[in-house]
Amino acid sequence: QVQLVESGGGLVQAGGSLRLSCAASGRSFFSIYTMGWFRQAPGNEREFLAAINWSGGSTRHADSVKGRFTISRDNAKNTVYLQMNSLKPEDTAVYYCAAASNFSPILSGSYQYTSSYNYWGQGTQVTVSS
């Protein structure tokens, strides 16, 4: 079983930056997992933000955050990151890290769907003030 723990959330002013981290614990095969970031605001569905393949050589970013958010990973540290720049009040949400251990959502073209990921973190709150 894989445990994922997000960190780095908090309160930031509009236009500011924040870097989220997601660390995998236990005897996981982190280095071969596709990883993703999603967010969910109250009353909304969980929204895809970004995905990265096992090596970090392939990434996907949602149109809504392209150019502002960047996903990356460090397999030696069992950690995936989400760098968020030029934050807006509408970015306020709970941010979730997810892992796909059984197949590659990027190769299959299904990286934007929550059903493609079988492990999830507990979430970290990001609040952007105007």
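Bear in mind the structure is a predicted one, so any value in this text is a computation, not a measurement.
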- Task: Start with the C-alpha gap between L49 and Y95, add the side-chain angles, then the distance that decides, and say whether side-chain contact (heavy atoms from CB on, under 4.5 Å) holds.
- Result: CA-CA 9 Å; L49 297 174; Y95 283 68; 3.4 Å; yes
- Should L20 and T124 be marked as a side-chain contact (heavy atoms from CB on, under 4.5 Å) after you check the CA-CA gap, both sets of side-chain angles, and the distance that decides it? CA-CA 9 Å; L20 305 183; T124 185; 4.2 Å; yes
- What do the steps show when you test Y119 against Q1 for side-chain contact (heavy atoms from CB on, under 4.5 Å), and what is the final call? CA-CA 8 Å; Y119 295 103; Q1 188 175 352; 4.0 Å; yes
- Derivation of the side-chain contact (heavy atoms from CB on, under 4.5 Å) call for T114 and F38: CA-CA 8 Å; T114 59; F38 293 75; 3.8 Å; yes
Donor-acceptor contacts, no H, no angles, side chain residues 98-110, under 3.5 Å, sequence neighbours left out:
| unit_1 | atom_1 | unit_2 | atom_2 | d |
| --- | --- | --- | --- | --- |
| S101 | OG | N118 | OD1 | 3.4 |
| S101 | OG | N118 | ND2 | 2.7 |
| S104 | OG | L107 | N | 3.2 |
| S108 | OG | S104 | O | 3.3 |
| S108 | OG | P105 | O | 3.3 |
| S108 | OG | S110 | OG | 2.8 |
| S110 | OG | S116 | OG | 3.1 |

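For the ring-ring contact (aromatic ring centres under 6.0 Å, His included) test, residues two or more places apart in sequence or in another chain that qualify with Y111 are F48. Taking E6 as the reference, nothing meets the salt bridge (Lys or Arg N to Asp or Glu O under 4.0 Å) condition, with sequence neighbours excluded. Evaluation of the side-chain contact (heavy atoms from CB on, under 4.5 Å) rule for S7 yields S21 as partners, not counting sequence neighbours. Scanning for side-chain hydrogen bond (donor to acceptor under 3.5 Å, both in side chains) contacts around T127 gives Q125, with sequence neighbours left out. Residues that satisfy the side-chain hydrogen bond (donor to acceptor under 3.5 Å, both in side chains) test with S17, not counting sequence neighbours, are N85. Residues satisfying the side-chain contact (heavy atoms from CB on, under 4.5 Å) criterion with V128, sequence neighbours excluded, are V12, A14, L87, P89, D91, T92, V126. The salt bridge (Lys or Arg N to Asp or Glu O under 4.0 Å) test applied to K66 returns D63, not counting sequence neighbours.
R46 places no side-chain N or O within 3.5 Å of a backbone atom of R39 that could act as its donor or acceptor partner. The backbone N or O of W54 lies less than 3.5 Å from a partner atom in the side chain of N75, making a donor-acceptor pair. A side-chain donor-acceptor contact under 3.5 Å links N53 to the backbone of S58.
Residue pairs satisfying the disulfide bond (SG atoms under 2.5 Å apart) criterion with at least one member in residues 40-100, sequence neighbours excluded, are listed as follows: C22-C97. Annotation: disulfide bond (SG atoms under 2.5 Å apart) contacts involving residues 57-93, sequence neighbours excluded, are absent. Here disulfide bond (SG atoms under 2.5 Å apart) pairs that include residues 35-82, with residues two or more places apart or in two chains, number zero. Listed by first and then second residue, the disulfide bond (SG atoms under 2.5 Å apart) pairs that reach into residues 30-81 come to none, sequence neighbours excluded.
Summarising the geometry, atom OG belonging to S64 is positioned 4.5 Å from atom CD belonging to E47; distances are rounded to the nearest 0.5 Å. Summarising the geometry, atom CE belonging to M84 is positioned 4.5 Å from atom CG belonging to L18; distances are rounded to the nearest 0.5 Å.
Linking Ile, Leu, Val, Met, Phe, Trp and Tyr whenever their side-chain heavy atoms come within less than 4.5 Å puts I32 and V2 in one cluster. Hydrophobic clustering keeps Y113 apart from M35 (ILVMFWY residues linked when any side-chain heavy atoms are closer than 4.5 Å, directly or through intermediates). Placement of I71 and Y33 within a single hydrophobic cluster is found when ILVMFWY residues are connected by side-chain heavy-atom separations under 4.5 Å, directly or transitively.
Residues R68 and H61 fail the side-chain proximity criterion, which asks for heavy atoms closer than 4.5 Å.
Between F69 and W37, the ring center distance fails the sub-6.0 Å criterion.
Both cation-pi conditions hold for R73 and F30: the charged atom is under 6.0 angstrom from the six-membered ring centre and inside a 45 degree cone around its axis. Annotation: cation-pi pair R19/Y81 present, NZ/CZ under 6.0 Å from the ring centroid and within 45° of its normal.
The 12-atom threshold is not exceeded at CD of E45, counting heavy atoms of other residues, nucleotides or ligands nearer than 6.0 Å.
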